[in-house]
Every structure is written in structure tokens, then in C-alpha cells.
Amino acid sequence: MGGTRRILIDCAILFGVGLVLALVGPFGSFAAPFGLRLLYWLAMSYAGYFLYFPAMAAATALAPRLELPEPALWAAACLLATLPMTAVTWLANFVWHAPRWPTIEEALAQYRNVLVLGTLVCALFWFARQRHRPETAAETGADPAAEPGPAALPRLVDRLPPHLRAPPIALEMEDHYVRVHTPRGSTLLLMRLRDAVAELDGTPGALVHRSWWVARGAVRGVRREGRNLRLQLAGGIEAPVARAQAPALEEQGWF
């Protein structure tokens, strides 16, 4: 239930955000009683989460596909998600004011105010995500395609054709074969997956699915499809994550 745990943690953080905003009373809300301010800002915090979170998740998933920096896509997603959030805020502001259509200047000012708060909260969540994201070869400056010395290569590499001999990115079971993915390409070996994993000689990684082993340093991101997760790996490879494995992998910081 790693996804549920993540949402519960996010909701706890948002409760703190709403409490701080109620205490500060920005944008003229301080004149209202504290109880009403707290209810208003908590409602706005949780409404914002369920508007911004899908946009941020889409930005994270699209970044490796489009080969664009994730912070830039988060910024673009924040700009877009602020549009519906501004409408929600305008409706909620009937708590303070009588209903009426805003002028262009009032609508732009409302959008600006929502964007400021939305950007700050999104930045908070983005930095929190980075602290729990596994460090990859790209982030450390290492070249995942670079070949280490012979002593550093696991035994499984000796089974590969010479032109493919490099640290494996992933192992994929196909019937009675194992497909070995490397930065140089892939090939099939006639062996069991568990025997292939044993010949990796302790290479950091995990069995993320009954038919997939993934190297820890090859993970570039994660794509969510409802309750299903897929790890995005170097070389454009995607590996499914078994639901039973997801909580343990999330605890270990894989995503």
C-alpha cells in the first residue's frame, strides 16, 4: 500500500500548510474568525492537492520521454493546474464576498495569488521527492554505458556476445530464456531468471516483478497507470512493478 502511504503523508503535510495559512491569514482572510479561516485554507489545500498532483505526476512521467528537465515540466504543469484552481478559489471566496463575476484585473490578480501559493507548495513537494529518489548514474556524473574494468563485471556478462558486454540494465524472462538488456542492446540467454540473477554477483538491483530484475542505477523515473507502476530505465526500457513489490521498493527509495 505504498501509494496509500504516500497520499496519507502528503495529506498530513497539507494539513500543516493549511494550518500555517490559517494562522497567517494571507490575501485579506485574517479578518475572518480563526475557525472559518482554518476550514477555508484546509479546503483550499486539499482541493489544490487533487488538482496539482495529477499534473505533477504527468510531468514526472513525461520528462524522460520528452528528454526535458523535470523541474521545467513541473513549472509548466503548475501554470496549467493553476487555471482550474483559480476557479475553485473564486467560488470558495463567496465565503467572504457576495457572488459576482470578477473583472479581468481581478481574475488576473486571483490567478497570480493562486500561482504564488501553488508554486511554493509544489516546490515543497518536488524537493521532498528528490530526497527520496534513488541516485542514478546520470546524477553522479557516471556514464552508464562506460565499461568498468574486467574485474568489476559480473559473471553473467561473460555469456553475452562481445559487442554487448557491459553492466546489465535489466533482465527480462521470456519463456525459457532470459533477455539481458545492456546499454549496447539486448540478447537472449537460455537459462532461468534466478540463475541469471545469481551470476550478477551482487550487482545492486531487485526483482521488481516475477519476470524482471532491474539494476538500481538504471532507474530514471516511474510511470503510473492507475494502480500499476512501470519503472523507466536507461535506454528507454520500461519494467513492470508487481503490486506486492511496490511497498518495499518505495520504502527503499526506488520511486
Side-chain angles (χ1 to χ4, degrees), residues 1-7 9-10 52-78 80-81 122 125-146 156 164 166-174 178-188 193 196-197 200 203-255:
M1 300 299 177
T4 301
R5 178 177 175 274
R6 170 66 59 79
I7 291 176
I9 292 173
D10 289 349
Y52 284 96
F53 179 77
M56 301 304 112
T60 299
L62 286 174
R65 291 184 174 188
L66 300 178
E67 298 184 352
L68 293 172
E70 187 176 307
L73 286 183
W74 269 57
C78 188
L80 291 175
C122 286
F125 278 100
W126 188 82
F127 284 112
R129 295 284 192 272
Q130 301 314 299
R131 292 186 60 186
H132 294 90
R133 177 167 294 182
E135 188 177 38
T136 63
E139 292 167 342
T140 59
D143 182 0
L156 184 65
L164 294 179
I169 292 172
L171 306 180
E172 177 186 3
M173 186 169 65
E174 296 184 11
V178 171
R179 181 172 295 279
V180 182
H181 297 274
T182 78
R184 296 182 166 194
S186 68
T187 190
L188 290 172
L193 180 62
V197 172
L200 289 172
T203 300
L207 284 167
V208 301
H209 189 275
R210 65 181 179 179
S211 59
W212 279 84
W213 175 94
V214 170
R216 179 69 177 265
V219 178
R220 297 292 180 268
V222 62
R223 181 162 65 89
R224 299 177 183 269
E225 297 176 337
R227 296 177 60 191
N228 299 320
L229 298 176
R230 300 184 69 86
L231 293 177
Q232 298 173 317
L233 312 179
I237 302 166
E238 286 196 354
V241 176
R243 291 181 184 175
Q245 296 292 94
L249 293 172
E250 186 171 23
E251 287 288 339
Q252 297 166 18
W254 280 67
F255 47 83

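Numbers here simply count residues along the sequence, with the first being 1.
Nearest heavy-atom pair, V214 versus A239, reported as atom, atom and distance to 0.1 Å: CG2-CB, 3.7 Å. Pairing each heavy atom of A242 with each of H209, the nearest pair is N-CD2, 4.0 Å. Here the closest non-hydrogen pair linking P167 and P183 is O-CD, 3.3 Å. Among all heavy-atom pairs drawn from A196 and V178, the shortest one is CB-CG1, 4.2 Å. The minimum heavy-atom distance between Y52 and C78, with the atom names listed, is CE2-O, 3.7 Å. The two residues P168 and T182 come nearest to each other via the heavy atoms CA-CG2, 4.3 Å.
Distance check, rounded to the nearest 0.5 Å: CD1 of I169 to OG1 of T203 gives 12.5 Å. One distance of note links CD of E174 with OG of S211; it measures 9.0 Å at 0.5 Å rounding. Considering CZ of R230 and CZ of R223, their distance stands at 6.0 Å, rounded to 0.5 Å. Atoms CG and CE, from L188 and M173 in turn, are 13.0 Å apart once rounded to the nearest 0.5 Å.
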Q: Please test L171 against L200 for side chain to side chain contact (heavy atoms under 4.5 Å, CB included), starting from the C-alpha separation and ending with a verdict.
A: CA-CA 10 Å; L171 306 180; L200 289 172; 3.7 Å; yes

Q: Under the side chain to side chain contact (heavy atoms under 4.5 Å, CB included) rule, what do V219 and L233 come out as? Steps first, then yes or no, please.
A: CA-CA 5 Å; V219 178; L233 312 179; 4.1 Å; yes

(Q) Please evaluate residues W212 and L231 with respect to the criterion side chain to side chain contact (heavy atoms under 4.5 Å, CB included), reporting the C-alpha separation (whole Å), side-chain torsions for both, the decisive distance (0.1 Å), and the verdict. (A) CA-CA 11 Å; W212 279 84; L231 293 177; over 6 Å; no

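Annotation: side chain of N228 is in contact with side chain of R243 (closest heavy-atom distance under 4.5 Å). Between W254 and L229 the shortest side-chain heavy-atom distance does not fall below 4.5 Å. Side-chain contact between L207 and L193 is present, with heavy atoms from C-beta onward closer than 4.5 Å.
At distances below 3.5 Å, at least one donor-acceptor pair connects side-chain atoms of R220 with backbone N or O atoms of G217.
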